[in-house]
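Each remark here refers to the structure printed beneath this line.
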Amino acid sequence: MAKTLYGTHVVLRPATKDDIPALARIRATPEVRATWRGGDDLVAVVADDLGDPDVTTLVIEYAGRTTGAIQWGAEQDPDYRHANIDIYLDPAVHGRGLGTDAVRTLARHLITDLGHHRIVIDPAADNAAAIRCYAKVGFRPVGIMRDYERGPDDTWHDGLLMDLLANDLD
């Protein structure tokens, strides 16, 4: 069971069914939908995300309000063990450092509490704001993954693989 984590400005708490409408509303914003997509029924997509046994989803709260979600999963093979993170934030709170705070808070938990030595994240290669956010936490570019993901325009787009080693955490 996931536990509640406290950042400098955000609270990361386990997502529940009651969070689905708010998270679907955030996923429906044009800025978030451009990178997260999800089809016509975002309520069902968010519900599926919360039901995925391989992913832990935490709600990002700021000033007592749901402002996004951050997810993590893990490769458990002992020879390749690492964690991965994905995040989306309500565009209404972009530019306030909340994404950086959420990513740093979760990364610290994954490293300190769960013993991961490496965390990966994979923003779109042209998502400069996300790349800056992750770099502030200590993530470093590993390389471009060519034609990594299909975009809303149905064409393939590059992704940037970034990783964070335990000693790199800012």
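Bear in mind the structure is a predicted one, so any value in this text is a computation, not a measurement.
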Can you confirm whether [X] sits close enough to [Y] that some side-chain heavy atom of one is under 4.5 Å from a side-chain heavy atom of the other?
X: P21; Y: V43; result: no
X: I111; Y: R118; result: no
X: P123; Y: I121; result: yes
X: R150; Y: T155; result: no

request  = Quick one: list whatever passes salt bridge (charged side-chain N to carboxylate O under 4.0 Å, His left out) with D122, sequence neighbours left out.
outcome  =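 Result, salt bridge (charged side-chain N to carboxylate O under 4.0 Å, His left out) vs D122: none returned.
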
So, are [X] and [Y] salt-bridged, with charged N and O less than 4.0 Å apart?
X: D49; Y: R27; answer: yes
X: R146; Y: D158; answer: no
X: D77; Y: R81; answer: no
X: D19; Y: R13; answer: yes

task = Using a cut-off of 6.0 Å, state whether more than 12 heavy atoms not belonging to D113 lie near its atom CG.
result =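 Result for CG/D113: enclosed.
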
What's the shortest heavy-atom distance between [X] and [Y], and which atoms?
X: W156; Y: D147; value: CE3-O, 3.5 Å
X: A69; Y: T57; value: CB-CG2, 4.1 Å
X: L160; Y: P141; value: CD1-CB, 4.0 Å
X: A125; Y: I144; value: CB-CD1, 3.9 Å
X: R65; Y: V93; value: NH1-CG1, 4.2 Å
X: L106; Y: L58; value: CD1-CD1, 4.1 Å

ask   = With a cut-off of under 6.0 Å to the ring centre and 45° to the axis, is R96 in cation-pi contact with Y62?
value =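 No.
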
ILVMFWY cluster, [X] and [Y] together (side-chain gap under 4.5 Å):
X: V11; Y: W72; result: no
X: W36; Y: I60; result: no
X: L169; Y: L161; result: no
X: V59; Y: I85; result: no
X: L5; Y: L98; result: yes

request  = Apply side-chain contact (heavy atoms from CB on, under 4.5 Å) to the pair V120 and H82, showing each step before the final yes or no.
outcome  = CA-CA 8 Å; V120 298; H82 68 277; 3.8 Å; yes

query = In Å and rounded to the nearest 0.5 Å, what is the CG to OH distance from D163 to Y134?
reply =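 It comes to 14.5 Å.
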
query = Atom OG1 in T67, atom CD1 in I26: separation rounded to 0.5 Å?
reply =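 T67 atom OG1 to I26 atom CD1 measures 6.5 Å (nearest 0.5 Å).
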
query = Does R108 use its side chain to pair, donor to acceptor, with the backbone of G7 at less than 3.5 Å?
reply =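 Side chain of R108 to backbone of G7: no pair is present.
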
request  = Run the numbers on D168 and R140 for salt bridge (charged side-chain N to carboxylate O under 4.0 Å, His left out), then give the verdict.
outcome  = CA-CA 9 Å; D168 296 334; R140 297 180 186 178; 3.3 Å; yes

ask   = Just one of V10, L12, V137 clears the side chain to side chain contact (heavy atoms under 4.5 Å, CB included) bar with D101, so which one?
value =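 Only one of V10, L12, V137 forms a side chain to side chain contact (heavy atoms under 4.5 Å, CB included) with D101, namely V10.
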
query = Are side-chain N/O atoms of D153 and H157 paired as donor and acceptor at under 3.5 Å?
reply =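 A pair is found: one side chain offers a donor N or O, the other an acceptor, under 3.5 Å apart.
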
